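Just so you know, ligand 1 is whichever comes first in the structure, and atom 1 is the first atom listed for that ligand. This is a predicted model, so every value here is computed, not measured.
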Amino acid sequence: MTTSIDFDRYDRVRPIRWTGEALELLDQRKLPFTVEYVRCDDSDAVAAAIHALTVRGAPAIGIAAAWGVVLAARAIEAADGAEAAARLDPAMQRLNAARPTAVNLAWALARMRRVLAVAGHDWRNVLEREAQAIADEDLAANRRMGALGAALIVPGSGVLTHCNTGSLATAGFGTALGVIRAGVAEGRIDQVFAGETRPWLQGARLTVWELQQDGIAPTLIADAAASHLMKTGKVQWVVVGADRICANGDVANKIGTYQLAIAARHHGVKFMVAAPSSTVDMATASGDQIHIEERDPGELFGVGGVRTAAQDVGAWNPVFDVTPHELIDAIVTERGVIERPDATAMRAAFGD
Ligand SMILES: CSC[C@H]1O[C@H](OP(=O)(O)O)[C@H](O)[C@@H]1O
């Protein structure tokens, strides 16, 4: 069944462009109707772009932060990497504070600190090479995950996905959307359903747009329709991404993922999480310990600048939730597939 996937066909969308002098970010707040890049000339502009969701998606914000460190390095002088690390720390702290839930942000910054610690006088070049390596490795990981995840999907399947986990959220190809792209390319997936993913509409605005670039015609559903869809039997897998995978296999992901997992288990639909190993956080024992980002309640009051909620209403806007590992059938990373994830399986795959 394996066919060669035309990966380049899927990588036309590049949310992050390093020009050699600045970082250009595809403004995801304006998609799909406006394709516009924002130029960041310093690390604080990158931190602001991450917080504002100009760039978003767990792997993508890690990659953007790594380039943010490269930009911060332009503003300092240092004899070696250790001195540079000390001078860069305030900027790296501000990058790290941009968003709390996706571990990829802290993971990328920690990786930049590690190479600085042993870098000599050419520490600037070391930083730039490391930022590029983080992006290149993410793209390779996504392509590998795509093949591994697709292989789990029986031909003729319907798949439901949530939020956006494609090229817009990564260095390219995507995580869950990479599994879906590979599954469609291999003739395993007959129909793709995309949840709109309120309140920010990553599904309706970004995933639908991305799949249309590939010539894949998704079916958009309201988030509220997901359980009813699963009851019809048209979906065999729910395939989602992740922002942080804990040591026991609990997964933080876009708000709404948890209820998809509950409905999937009730209806006998399989539940797959696809994420690179940079999303695995073995230092966090379980999902109860994850900081769930809460964003401006105003994100719930309207869409595209048009108010839809009645005036003077309060709102609560957590933008992630935690799916317990017991509700997950498979976690797919570039290192392999963990079926029925738990602490033992995670330790075997990732060590302590
Ligand atoms: C491969 S992206 C992972 C993850 O990031 C998204 O969150 P956001 O759009 O708020 O950055 C969503 O949770 C995706 O599943």
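- The shortest N or O to N or O distance between Lys254 and ligand 1 is below 3.5 Å.
- Residue, atom and distance of the protein heavy atom nearest to atom 14 (C) of ligand 1 are Asn253 OD1, 3.5 Å.
- Using modelled atom types, no side-chain atom of Arg14 and backbone atom of Leu25 make a donor-acceptor pair closer than 3.5 Å.
- Annotation: atom 12 (C) of ligand 1 to nearest protein heavy atom, Cys163 SG, 3.3 Å.
- Between Gln202 and ligand 1, an N or O atom pair is found at a separation short of 3.5 Å.
- Under 4.0 Å from ligand 1, the heavy atoms of Arg99 that appear belong solely to its side chain.
- Assignment of Glu293 to the shell around ligand 1 is not supported, since no heavy atom sits closer than 4.0 Å.
- Ligand 1 has no N or O atom lying under 3.5 Å from any N or O atom of Thr165, backbone or side chain.
- Remark: distances from the non-hydrogen atoms of Trp200 to ligand 1 are all 4.0 Å or more.
- Judged by distance alone, with hydrogens and angles left aside, the side-chain atoms of Arg347 form no donor-acceptor pair with the main-chain N or O of Phe350 at under 3.5 Å.
- Checking each of Arg295, Glu299, Glu293 against Asn317 for a side-chain hydrogen bond (donor to acceptor under 3.5 Å, both in side chains) leaves exactly one that passes, namely Glu299.
- Those atoms of ligand 1 with a heavy atom of Thr175 less than 4.0 angstrom away are 1 (C).
- The closest approach between Val319 and ligand 1 stays at or above 4.0 Å for every heavy atom of the residue.
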**Message:** Between Arg124 and Glu77, is the salt bridge (charged side-chain N to carboxylate O under 4.0 Å, His left out) condition met? List the steps.
**Reply:** CA-CA 10 Å; Arg124 293 179 201 277; Glu77 294 300 329; 3.5 Å; yes
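- Of the protein's heavy atoms, Asp243 OD1, 3.2 Å lies nearest to atom 4 (C) of ligand 1.
- Of all atoms in ligand 1, numbered sequentially from 1 with element shown, those under 4.0 Å from a heavy atom of Pro59 are 1 (C), 2 (S).
- Minimum interatomic distance between Phe320 and Ile255 (heavy atoms only, all atoms of both residues): O-CD1, 3.4 Å.
- Cluster annotation: Val159 is not connected to Phe271 through the hydrophobic network of ILVMFWY side chains, with a link wherever side-chain heavy atoms come within less than 4.5 Å.
- Met282 and Asp352 get closest at one heavy-atom pair: CB-C, 4.3 Å.
- Of the charged side-chain nitrogens involved, none lies within less than 4.0 Å of a carboxylate oxygen, so that Asp243 and Lys254 do not count as a salt-bridged pair.
- Atom 9 (O) of ligand 1 has its closest protein heavy atom at Arg56 NE, 2.8 Å.
- Taking the ring centre of Trp67 as origin, the terminal cationic atom of Arg17 falls outside the region bounded by 6.0 Å and 45° from the ring axis.
- Checked by atom type, the side-chain pair Asn104/Ser278 shows a donor-acceptor distance below 3.5 Å.
- Across Ala242, Ala169, Gly241, heavy-atom proximity to atom 3 (C) of ligand 1 is greatest for Ala242.
- One N or O on the side chain of Thr207 and one on the backbone of Cys163 form a donor-acceptor pair closer than 3.5 Å.
- Taking a 4.0 Å cut-off on heavy atoms, Val240 fails to register as neighbouring ligand 1.
- Taking distance alone, with nitrogen or oxygen atoms compared against 3.5 Å, His162 stays at or beyond that limit from ligand 1.
- The Ala58 neighbourhood of ligand 1 comprises atoms 2 (S), 3 (C), 5 (O), with distances under 4.0 Å to a heavy atom of that residue.
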